[in-house]
Amino acid sequence: MAVLVVAAHDGKTVRSNVANAVTAASQMDPDVHVLVAGNNAGEAAKSAAAIQGVTKVLDAEDAAYANWVAEDVAPLVVKLAPGYSHVVMAADSVGKNLAPRVAALLDVAQVSEAIKVVSPDTFVRPIYAGNAMATVQTADKIKVVTIRPTNFKAAAGGGSAPVEQIGGTGAGGLASYVGAELSKSERPELTSAKIVVSGGRGLASGENFKMLEALADKLGAGLGASRAAVDAGYVPNDYQVGQTGKVVAPDLYIAIGISGAIQHLAGMKDSKTIVAINKDEEAPIFQVADYGIVGDLFQIVPELTAAVEKK
Amino acid sequence: MKVLVAVKRVIDYNVKIRVKADNTGVETANVKMSMNPFDEIAVEEAIRMREKGLATEVIVFSAGPAQCQETIRTALAMGADRGVLVQSDAELQPLAVAKLMKAVVDKEQPGLVIVGKQAIDDDSNQTGQMLAALLGWSQGTFANKLNVVDGSAEVKREVDGGLENIKIKLPAVITTDLRLNEPRYASLPNIMKAKKKPIEMLTADALGVDIAPRLKVLKVEEPPKRKSGIKVKTVAELVDKLRNEAGVI
Ligand SMILES: Cc1cc2nc3c(=O)[nH]c(=O)nc-3n(C[C@H](O)[C@H](O)[C@H](O)COP(=O)(O)OP(=O)(O)OC[C@H]3O[C@@H](n4cnc5c(N)ncnc54)[C@H](O)[C@@H]3O)c2cc1C
Ligand SMILES: Cc1cc2nc3c(=O)[nH]c(=O)nc-3n(C[C@H](O)[C@H](O)[C@H](O)COP(=O)(O)OP(=O)(O)OC[C@H]3O[C@@H](n4cnc5c(N)ncnc54)[C@H](O)[C@@H]3O)c2cc1C
């Protein structure tokens, strides 16, 4: 039986992590369908059809799907699910909100944040902030799985799967979307950026993050932060990297004024190369850093910014 | 309106966990246990609602071994009114916990349920959403701000791009994110008072709930270790390494 990937999208394109979910899904079964539920989301459905490995796209149009209200999208997924062996979503804020609701309605368990598909019913997932890896097997007939995008290569583009229009399931009236306060940024999105520059409490103020912005812009990097920096109000919540924030695995992660608590490491220790800048040579961040530099960030960061070439 | 909050007993967030030698799980013997930090936030939010006159009673739910009573006591010492423990020494997975909570909700009829967005041990991030589904209720997940106004709740949610505002009908399930509030510490007099507050003991059998695990844990292993790196002395050396050794800039 085929796998159903439920895609988050903005109406025009599906999120880039859908291509990672498709790769994970094709390891469960080669027949991969993508559900794009939206209101005038035809363009997004087309973008899903272009992902290689996708065999069919279901475009479900309904005014109720305009803003990804889980209460309204879940019934649609539940209606389609019996035709599939797996329901797969990326473990982002959309997937984390929706997938458990779907699983409970189907009376099945959910495998959260799989990082490896061992076989169609067996998955590896991190527990305890990534300090242990559990291999879990599910006996449920429909398997609901969220996958950690950074652990699966994005499927290439250039595909041309057929798009099928299907009807919606309407609004249940339980919840409505009011609006969003999104952080505006021209920088690459944190979870897909090749380079991430991240700041912690050591930055001491939001104003000082400008220094990291200058470095990030020169490197073409995304900007991240520790929980302490977010809690202190230096940067918005969506910058948080870690166990309870975003998981990133860029080619280069530069941790600046971050001590390296296990909750932070959980979100970045799969990065290819890690650089730590910290004035405390005992800081735990140095245990995972490939290159550490002990010293005052207020001196080192401007020096580094001056020394790298603009990308 | 009654508010029901869930508290899970987990290994304290400061403990460096160890995987058991036989790869069946994580060492929990002689390890400091605490309330899941997200649940402290849930308890705090519920108590504030009662203090503002929005809630009449705060009931604390936990599921797990007898020691979970200590976790419930911690919540009672913060200011919650009474506890309910579904005692079980069996492994409880999120779907089972959600079903147990549903049984308690059916009995207690709260107007709002608040749980943590994720337990820091199993990191599932499922229970609240599952409970909302089983009850047919709305869900306000990853709450950064909660405002209860006549029969509905305005919830500011922490999402990938920033914050999102939704309005949901009550009764509802809320899951807490880190910035919802800063939980209080229990004062000594309140810790003493909490000892006299009632905790009702229940079992899954008595509630008629099937808690059999659906996921079988085949093994638990250590994650791969990163090989240790080096310290560089100067920015010039760092840039050289990044360019010529790592090849990342
Ligand atoms: C339930 C829970 C969930 C959590 N989830 C997360 C999460 O997802 N992500 C996360 O990051 N944290 C998380 N945390 C918090 C985590 O435990 C740490 O408190 C946090 O990561 C610390 O942030 P920090 O490293 O910025 O601050 P600190 O630990 O205070 O470190 C600041 C560092 O900056 C250095 N420094 C200061 N000044 C300078 C200077 N001038 N030059 C150079 N270095 C300097 C210091 O030496 C220090 O090492 C969570 C905690 C809990 C309880
Ligand atoms: C390798 C491994 C070993 C395990 N070993 C054990 C074991 O020895 N003993 C055992 O009991 N379980 C064990 N489990 C099961 C695991 O702890 C459950 O999956 C867990 O109870 C529910 O997942 P979660 O806490 O991550 O849920 P989440 O959905 O992340 O929890 C979210 C919120 O739900 C509420 N909640 C969840 N569980 C409870 C609860 N029990 N009581 C009150 N509120 C709750 C809390 O408010 C919590 O913040 C094991 C799992 C694995 C993978």
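All values below come from the heavy atoms of this structure, side chains included, with hydrogens, waters and symmetry mates left out. Below, chain A is the first sequence line, B the second, and so on; all start at residue 1.
Nearest heavy-atom pair across I195(A) and V248(B) is CD1-O, 3.8 Å. Listed here is the closest heavy atom pair of T135(A) and E221(B): OG1-OE1, 4.2 Å. Taking both residues in full, the closest heavy atoms of M130(B) and P100(A) are given as CG-O, 3.4 Å, listed atom of the first, atom of the second, then distance. Between A307(A) and V235(B) the shortest heavy-atom distance is CB-CG1, 4.1 Å. Closest approach of D123(B) to R125(A), counting heavy atoms only: O-NH2, 3.4 Å. Contact between W137(B) and E71(A) at its shortest, heavy atoms only, is O-CG, 4.3 Å.
Between S152(B) atom OG and L174(A) atom CG the span is 12.0 Å, to the nearest 0.5 Å. In this structure, the separation between CD1 on I274(A) and CZ on R226(B) is 3.5 Å, given to the nearest 0.5 Å. The distance from atom CG of D140(A) to atom CG of L215(B), rounded to the nearest 0.5 Å, is 7.0 Å. From I249(B), atom CD1 reaches atom NZ of K218(A) across 10.0 Å, with rounding to the nearest 0.5 Å. Between atom CD1 of residue I120(B) and atom CD1 of residue I127(A) there is a gap of 12.5 Å, rounded to the nearest 0.5 Å. With rounding to the nearest 0.5 Å, the separation of CG in L182(A) from CG in L163(B) is 8.5 Å.
The backbone N or O of A109(A) lies less than 3.5 Å from no partner atom in the side chain of Q93(B), so there is not a single donor-acceptor pair. A distance-only check finds no donor-acceptor pair linking the side chain of S176(A) to the backbone of I168(B) [under 3.5 Å]. The main-chain N or O of A99(A) is never found under 3.5 Å from a side-chain atom of Q129(B) such that the two would form a donor-acceptor pair.
In this structure, the portions of L218(B) lying under 4.5 Å from any heavy atom of chain A include both its backbone and its side chain. Of the atoms belonging to T234(B), it is backbone heavy atoms, and not side-chain ones, that fall under 4.5 Å from chain A. Using a 4.5 Å cut-off between heavy atoms, Y239(A) makes no contact with chain B at all. Neither the backbone nor the side chain of L131(B) comes within contact range of chain A; no heavy atom of the residue lies under 4.5 Å from a heavy atom of that chain. Heavy-atom distances place the side chain of Q240(A), and not its backbone, under 4.5 Å from chain B. With a 4.5 angstrom heavy-atom cutoff, A98(B) does not touch chain A via any of its atoms. V232(B) touches chain A through backbone and side chain together, each having a heavy atom under 4.5 Å away. For I230(B), the parts lying near chain A are the backbone and the side chain together; criterion is any non-hydrogen pair under 4.5 Å. In this structure, the portion of V239(B) lying under 4.5 Å from any heavy atom of chain A is its side chain and not its backbone. For Q243(A), the parts lying near chain B are the backbone and the side chain together; criterion is any non-hydrogen pair under 4.5 Å. For a residue to count as touching a neighbouring chain, one of its non-hydrogen atoms must lie under 4.5 Å from one of that chain's; by this rule K246(A) touches chain B with the side chain only. With a 4.5 angstrom heavy-atom cutoff, A74(A) does not touch chain B via any of its atoms. Residue L304(A) touches chain B through both its backbone and its side chain, counting heavy-atom pairs closer than 4.5 Å. Heavy atoms of K233(B) lying under 4.5 Å from chain A belong exclusively to its backbone. With a threshold of 4.5 angstrom between heavy atoms, R243(B) approaches chain A through side-chain atoms but not through N, CA, C or O. Looking at L95(B), the atoms closer than 4.5 Å to chain A (heavy atoms on both sides) all sit in the side chain, from C-beta outward. Contact annotation for V173(B): neither backbone nor side-chain heavy atoms come within less than 4.5 Å of a heavy atom of chain A.
Annotation: maximal heavy-atom pairing with chain B below 4.5 Å, among V178(A), N237(A), V69(A), T146(A), occurs at N237(A). Interface check for chain B: of the options V118(A), T122(A), V230(A), V294(A), the most heavy-atom pairs under 4.5 Å are formed by V230(A).
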Show your reasoning for whether side-chain contact (heavy atoms from CB on, under 4.5 Å) applies to R15(A) and D160(B). CA-CA 11 Å; R15(A) 286 192 180 174; D160(B) 294 327; 2.6 Å; yes
side-chain contact (heavy atoms from CB on, under 4.5 Å) evaluation trace for R227(A) with L178(B): CA-CA 9 Å; R227(A) 174 191 172 180; L178(B) 294 167; 3.6 Å; yes
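A salt bridge links R214(B) with D107(A): the distance from a Lys NZ or Arg NE/NH1/NH2 to an Asp or Glu carboxylate oxygen falls below 4.0 Å.
Proximity of R179(B) to D231(A): side-chain heavy atoms (C-beta onward) are separated by under 4.5 Å at one or more points.
Side-chain contact annotation: E181(A) with N165(B), donor-acceptor N/O pair under 3.5 Å present.
With a 6.0 Å radius and a threshold of 12 heavy atoms from other residues, nucleotides or ligands, K231(B) has its NZ atom above the threshold.
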